[in-house]
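Data block below; observations after.
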Amino acid sequence: MSALLTYVRAQGGEDAVTETLCRAGVAASPAELTDPARWVGYDVRIRLFDAATTVLGDPFALFHVGANALVSGLPPSVVLLLRAMGSPLQVYRRLPTAVPKFTTTSTMRVLESRAGHATLSYRLHDGYVHSRLDCQYAQGLLTVVPTVFGLPAARLVHDECEADGYPACVYHLRWDRSRRRIRRHRNGATELELTALRGQLSNLQSAAAELVGSQDLHTVLHRIVTRAAEAVLAPAYVLALRDRDGGPAHVYSSGLPADQAQALGERLLAGEDIGPGAVVVDVASARRSHGCLAALHRPGHGGLHGERALLAAYAGHAAAALDLLSALEESRLQARRAATLLGLAHELAAAESAVQVCEVVAAALPRVIGCTSASVMTWDAATQCLRACAAVGMDDARRDLFLSTPLDAGLLPEVSGIVADRTPLVITGEHASPAMQQVFEVLQLSDAVAVPLIAGSTFLGVATASWDDGATTPRLDGDLVARLRGVGDQAATALQKAQLLEAVHHQAHHDPLTGLPNRSLFSRRLGDELTRAGSTATLAVLFCDLDRFKQVNDTLGHAAGDELLRQVAERLQGAVRPGDTVGRLSGDEFALILPDVADRPDADQLAQRVTECFATPFRLDGRDVPVTASVGVAVHVGSAGGGLPDDLLRAADESMYRRKARSRAGAPAG
C-alpha cells in the first residue's frame, strides 16, 4: 500500500490519492493504509489497484508501482535484508520462503535458477479471482531485484498467466552479472590470501542467505555454528546465547564435547579470555545483544589477518537471522498482534510529545487486545486523579465526556487500588464498586482491564482496554493481561521519555519563577508574529517595568519579591486578550505581544489597561503593598513598521524609559 499510494501521489498529487480511495470504496485514510502493522484484504488491494490505474490513466501503472518500490515502497530494513543475501540469484531462490511473510493469498515456486537466469511461478490460492493488475505489480517487483545490487533491472518474459487459464503465472527473468577486475600483485602470497578472503566473503553471503531463508529457530542456531566455517576455518566453534529470562546460557557447538562447550560458552558470556587461539565476536544487532560466537583453533594456531572482521560480519548476519526468527516465533503465537506491536514501537519512537504517545497507544490497543474501546490516562499527583489523555472506540459524546471527567482516587476504590498496588486490574461491571458502575453506565461499558504505566518507581498512569455493553467480552485471563501489559511497558518508557523532553523543553524556554515565556521564547514568538503580520497587519509590543521593585526586596525580603513577580505575571495574563503573549525578560521586566491591534490608539488603550491592573495593591507577607509599573509601547504597522524583533522590543523599552522619566518629573505619562 505504501508503494501504491506513494506512486499515485508522485504522479497525480494528493487529489489523485483521494480519488483512488474514493473510487475503491475504501474508508481507511492513507496513513492507515500505509501503517506497517495494518493488513489489507485481497479484494481491497485489487480494488485499489484498479482505481489507481483508472485515476492515472495508465494501463501499466501497477508495473511501475512494483518497479519503483525500491525507492518508494520498500522499507530500508527490507532493502538491507535483500542485500545481505549477496546476489540477485540468492534473492530469487529465497523468494518462495519470503512471500508467505507478506501475503496469505499466493504461493511462489522456483522452477529453475542459475547464474543470470531464474524462472519463477506465482499461483493464487483457490477462492480468489486472479487480477492482471496484481500480476503486473509482481512483475515490476521481480524486475527491480538486481538494482539492489547496483545492476540494471532484470528482463522479464511472461508467456503464461493465470488470467489466461494457465495453472500459474510463470516469469522468466534474466539479468546482467557484475564483473570485477582482479588486480594482480607481484607478491603471490598476498594474491592468494586476497583470493581466499574473497572466496570466504562469497561463502559468507551464501551462508547469510541460508540463515535469512530459514524459519525454524532451532535449525538456525545449529546452522550458525556449522556454517561459521564459511567465514573462518577452524577445528571447533562455540555459540553462546543469553537466556532472555535470566536462565542458563544456551550453548551450541561443533567439534567439541558438549560439557566442554557448555563451560566455554558460560565463560564467553562472562567476558573471560578463553585463550589466544580463539577468535571471539559479539552476536549483536541494533536491537539487542544475543551473545558470542567463537572460532577455536588448536594451541599455537590462530586466525589469519582479517578473519575477525569476517567472523564479525557473519555474526552480524546471524544476529539479524536471530532477530527475524524471534519475531517469526512470536508471530506464530500472536499473528497480527505481533506486527501491531512492532508498528506500535516504531510509532512510539517517532512520537514527540506525551499526548502523541497516549494517542498512539490508545489507537493500537483494539488491534492488540481485540477490545471495542481503549484509553490512556495519566496520573495527576497534585489532585490524586487519573485524567484521560486519549480514547478510541467511543462516539464523540462519550469520548468528550470521558476526556473531561477525571477519575478521583478518593471516590473510586479501583483507582486507589491500582495506584497503591501497581498491578493489572480486571474490572467487570457486575463486580465493580457502585461509583465505578456509574462510570461504566455513563460510558456504556461492560468490562475493562487496566494496567499501570510505571517507569522505574514512578507511576505515570494507566492503559485500559474495555468492551461496550452488548459486545462479546473475551476471557479476561493471563494472556490478555500479558498482552496489555506488554503495550503498557512500551507506553511507559515512551511516555517517560516524552514527559522528560517536554519538561526540558519547557525549562529551556520558560521562566522558572512565573512560568511565563523567557526572553528566548518571547523573541521567537515575536518573530513569528511579525512574519504572520506581513505587509498590512498592525502589531504592538508592550515593555513593562515595575517601579521601585528593589525597595520591595530590601524591605520585605526576596521571598516577597518573588511572590510579587508571580502575582504580577497572573495579573498581566488576566489583563490581555486570548492569543496575546506575556513574557518575563529578566528581573522585574515583563513584555507583551499584542497582535492584530487596530491602530496606535488601540495599542495605547491596551497599554492603559495593563497599567490599570496595578491599581489594586498586592498582598505580600500579610500586608497590602502598592506597586506601580511603567509601560512602554512600540507599534509595527506592516512593512511601514520596519525592524526586526529586537528592534521592536528595543523601541518598546525606550518608550518605557521615557514614560518612567516623565512620571518621575511629574509630567503626564502619555
Side-chain angles (χ1 to χ4, degrees), residues 35-39 77 101 217 242-247 285-290 322-351 354 356-379 386 388-393 417-419 421-427 447-467 473-499:
D35 181 354
R38 186 185 181 101
W39 285 65
S77 59
K101 297 180 179 67
L217 182 60
R242 299 178 182 87
D243 184 77
R244 290 187 177 185
D245 300 323
S285 66
R287 294 178 57 190
R288 59 172 296 200
S289 174
H290 296 275
L322 289 174
D323 284 346
L324 176 63
L325 265 295
S326 296
L328 288 175
E329 288 288 323
E330 185 70 17
S331 70
R332 290 189 180 102
L333 297 175
Q334 300 188 7
R336 294 183 182 180
R337 289 168 183 158
T340 301
L341 289 174
L342 182 60
L344 173 63
H346 289 301
E347 291 184 67
L348 289 177
Q356 288 181 344
V357 169
C358 294
E359 291 174 345
V360 166
V361 173
L365 283 173
R367 300 196 303 270
V368 177
I369 307 301
C371 54
T372 56
S373 56
S375 74
V376 176
M377 292 179 278
T378 55
W379 175 244
L386 283 172
C389 189
V392 297
I418 197 170
V419 172
D421 299 338
R422 302 191 176 189
T423 57
L425 179 65
V426 176
I427 308 172
D447 305 287
V449 180
V451 296
L453 305 180
I454 302 172
S457 60
T458 304
F459 180 80
L460 302 176
V462 298
T464 71
S466 47
W467 287 263
T473 303
R475 291 178 55 191
L476 304 180
D477 56 13
D479 175 66
L480 184 145
V481 173
R483 281 187 268 122
L484 183 57
R485 201 167 196 169
V487 175
D489 290 342
Q490 292 189 61
T493 301
L495 190 58
Q496 184 186 43
K497 174 186 173 183
Q499 290 178 344

Smallest separation among heavy atoms of [X] and [Y], with atom names:
X      : Y      : answer
Leu386 : Gly461 : CD2-CA, 4.1 Å
Trp467 : Ser373 : N-OG, 4.5 Å
Arg288 : Arg242 : NH2-O, 4.4 Å
Arg422 : Ser457 : NH1-O, 2.7 Å
Ser466 : Cys371 : O-CB, 3.3 Å
Pro366 : Val392 : CG-CG2, 3.9 Å

Once rounded to the nearest 0.5 Å, what's the spacing between atom [atom1] of [X] and atom [atom2] of [Y]?
X      : Y      : atom1 : atom2 : result
Leu484 : Asp489 : CG    : CG    : 10.0 Å
Ile454 : Leu460 : CD1   : CG    : 8.5 Å
Leu480 : Ile369 : CG    : CD1   : 5.0 Å

List in chain and number order the residues that pass side-chain contact (heavy atoms from CB on, under 4.5 Å) with [X], two or more places apart in sequence or in another chain; answer none if no residue qualifies.
X      : result
Ser375 : Met377, Ala391, Phe402, Thr464
Ala491 : Val361, Leu453
Ala494 : Leu348, Val357
Thr423 : Asp421

key: Min side-chain heavy-atom separation Thr378-Leu495 under 4.5 Å   = yes
message = Restricting to side chain to side chain donor-acceptor pair (under 3.5 Å), what partner residues turn up for Thr458, sequence neighbours left out?
response = none
query = Can you name the side chain to side chain donor-acceptor pair (under 3.5 Å) partners of Ser285, sequence neighbours left out?
reply = Asp323
task = Before giving the answer on side chain to side chain contact (heavy atoms under 4.5 Å, CB included), spell out for Trp379 and Ile418 the whole-Å C-alpha distance, their side-chain angles and the decisive distance to 0.1 Å.
result = CA-CA 11 Å; Trp379 175 244; Ile418 197 170; over 6 Å; no
Side-chain (Arg485) to main-chain (Val451) donor-acceptor, under 3.5 angstrom = no
